[in-house]
Colleague: 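Pasting a structure below so you can have a look.
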2 protein chains.
Amino acid sequence: MEADQDMRKPMQKLRQRSLVLEVRDALEGMILRGEVPAGERLNEINLAEQLGVSRGPVREAARSLEREGLVKTVTNQGVYVRKLSLEDALELYDLRAGIAGYLCTRAAESATPEDKSDLRAFVDRMDAAVRDGDEERYFELNLAFHDRVATASGATRAKDLYTSLGKEVRLMRLRVLTGGASLALSNSEHDRIVRAIEIGDKEAAGKVGAQHHINGKLRLLETL
Amino acid sequence: MEADQDMRKPMQKLRQRSLVLEVRDALEGMILRGEVPAGERLNEINLAEQLGVSRGPVREAARSLEREGLVKTVTNQGVYVRKLSLEDALELYDLRAGIAGYLCTRAAESATPEDKSDLRAFVDRMDAAVRDGDEERYFELNLAFHDRVATASGATRAKDLYTSLGKEVRLMRLRVLTGGASLALSNSEHDRIVRAIEIGDKEAAGKVGAQHHINGKLRLLETL
DNA sequence: AAACTACATAATGTCAACATTATTCTGCTG
DNA sequence: CAGCAGAATAATGTTGACATTATGTAGTTT
C-alpha cells in the first residue's frame, strides 16, 4: 500500500468554508459578471432557493458585500445592486490611483530581489501577449501584475482596499476600448513602474504608479 | 386641544432602524470605546442576551463590522476584535493622509461660499478652544471640521473611506500626546487648508491636507 | 374614469431549535 | 507526573417558522 500521508495535523485547514463565504463568492460573481443588473433588488428567498441554502447565510453574505460597496441595503425593503454614476466611477478611479501610487512607493522601498524578478517577468510576459495580440491574456497578466506589486509593497490594508475598489469599479459595466497601440503603451508604463521599483526610486514609482491608473480613467472618458 | 400634527405622510421615514443597525452601532461603540480588548472574541450568545435580541442580528452586525476592519471572523471559531500592529497603524495613517489630500483637492475645486464660510468658522472656533485650553472641545471641533471638508469635496465614497479608516485607527488605543503648543500648530495647518480651499488652490490644498495627517502620524511616533 | 380603501400576496425582520464544530475537563495509561 | 483518549460542555453554523412591513389587486365611491 502507498504510505499513509500523515493525516494527523494537516487536516486542520480544510472544511473551513462556511456557507456564508460560499454564498458571498457566488453573489459577488453574479454581480461582477453583470448577471444581475445594477439597481436590481436581490431577492433573498429566490437566492436562497437557487443556491440551496436558507436565508440566514444569504443575509449575512449580503451584509458582507454591503461594506464592499457592491450592494446597498434598505431596511424593510431589501438589498439592491449598487448603481454607479459616472461621477462615482471617476472618483473610484482617483482613489484607486492614489492607493496604487502608495503601493508602488512602498514596493520601491521594500521589494526583495525575488519581488523584482517576478515583476520583471510579468512585464516580459505581457510584452509577449501584446506581440501575439492576445488581449484576454494581457488582461489576466495585468491583474496579476498589479496584485503582485501590492503584495511586494507589504501594505496589507492598502492592498485589500485596492482590490476592493477594483471590484467596485466593475459595477460600471464599461469595456474600456483597447485600441491597437494602447496595450503596448500600457505595458510601457508597467515597465517604468518596475524600473523605478528595481532601483528603489520611491518618488518615481509612486508617481508613475498613480499616473498609470489616471491614464486608465482618461481612456474611460474617451470611450464615452 | 393643540393642532394635530398631520400624521398622514411624514410618518414614513420613521421606524426605519432595524435591530441589525442598532446592534451594529452598539458593537462599534463598545469596540471604539475600548470596552472589549483587542484580540478578544465577541461571544454571540452573551452579546445577544446582553442586548436583548437573538443571535441573527448580532451575526449580521458582525459581518458589517468585518468589512469595516474592526473585527475579524474565523470560521467555526468566532469574531475577534481586530488587533492592530504598529505597522498597521502607520499604514492606516498613510492611507488616510492620501485620502484626506484628495478630499482637500476636491474641496478646493468645488467648495461653495457656504462651505468656505463654514470651514472658516470652524477654524475660528478651534482657535477659541485653543485659547481656552479646552482640549476636549478642540477634538470635537477637529472631527467635525474634517467631516465638513469631506462633505464640501462632494466625493462621497472618499468621505466614507476617510471616516471608516478613522474608526479603524482608533483600534490602536493610543492617546497621542497633545503638548501645549501642538494644538495651536495643528490649527494653523487647518487655517492653511481652508485658505487654499478659499482661493481654489487645488495643489496646495491637497498637499497641506495630506501633510496635516502625516504630521499626526509623526506625533504618534514621538509618543512611543 | 380617477382615487381611495380594504384585502391578498410577497418579501423582509426576527426568533428559537437543532446540527456541527471547538474547547474543556476528566480519567486512564505509560 | 506527563501525555493522550474520550466524554462533557459551550460556542458557532444552519435552518424553518412566525411577525412585521411593503407591494399589488380588486372593489367601491365620487
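Every chain is numbered from 1 and lettered A, B, ... according to where its sequence line falls, protein lines coming before strand lines.
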Colleague: Tell me: NZ of B/Lys72 to C1' of D/dT12, nearest whole Å?
Modeller: 16 Å

Colleague: Who are the side chain to side chain contact (heavy atoms under 4.5 Å, CB included) partners of A/Thr156, not counting sequence neighbours?
Modeller: B/Asp88, B/Glu91

Colleague: Considering only nitrogen or oxygen atoms on both sides, find all protein atoms under 3.5 Å from nucleotides 8-11 of chain C and state each distance.
Modeller:
residue, atom, partner, partner atom, Å
C/dA11, OP1, A/Asn43, ND2, 3.3
C/dA11, O5', A/Asn43, ND2, 3.3
C/dA11, O3', A/Arg41, NH2, 3.4

Colleague: Mind checking salt bridge (Lys or Arg N to Asp or Glu O under 4.0 Å) for B/Arg170 and listing every partner two or more places apart, or none if nothing turns up?
Modeller: none

Colleague: Taking salt bridge (Lys or Arg N to Asp or Glu O under 4.0 Å) as the cut-off, I'd like each qualifying pair that reaches into residues 68-85 of chain A, sequence neighbours left out, listed once.
Modeller: A/Arg24-A/Glu68, A/Glu68-A/Lys167, A/Arg82-A/Glu168

Colleague: Show me the pairs that pass salt bridge (Lys or Arg N to Asp or Glu O under 4.0 Å) and involve residues 140-156 of chain A, at least two apart or across chains.
Modeller: A/Asp115-A/Arg148, A/Asp118-A/Arg148, A/Asp147-A/Lys159

Colleague: Atom CG of B/Asn76 and atom P of D/dG13: how far apart are they, to the nearest Å?
Modeller: 6 Å

Colleague: So, using salt bridge (Lys or Arg N to Asp or Glu O under 4.0 Å) as the criterion, who are the partners of B/Asp25 when residues are at least two apart?
Modeller: B/Arg17

Colleague: Mind calculating the distance between CZ (A/Arg24) and C1' (D/dG13) to the nearest angstrom?
Modeller: 18 Å

Colleague: For A/Arg120, check salt bridge (Lys or Arg N to Asp or Glu O under 4.0 Å) against everything at least two apart and list the hits.
Modeller: A/Asp191, A/Glu198

Colleague: Indicate, with yes or no, if the rings of B/His213 and B/Tyr162 have centres closer together than 6.0 Å.
Modeller: yes

Colleague: List for me each residue that meets salt bridge (Lys or Arg N to Asp or Glu O under 4.0 Å) alongside A/Lys217, sequence neighbours excluded, and say none if there are none.
Modeller: A/Asp94

Colleague: With the criterion being N/O to N/O and under 3.5 Å, what pairs connect the protein with nucleotides 14-17 of chain D, and how long is each?
Modeller:
residue, atom, partner, partner atom, Å
D/dT14, OP1, A/Leu19, N, 2.8
D/dT14, OP2, A/Leu19, N, 3.4
D/dT15, OP2, A/Ser54, N, 2.9
D/dT15, OP2, A/Ser54, OG, 3.0

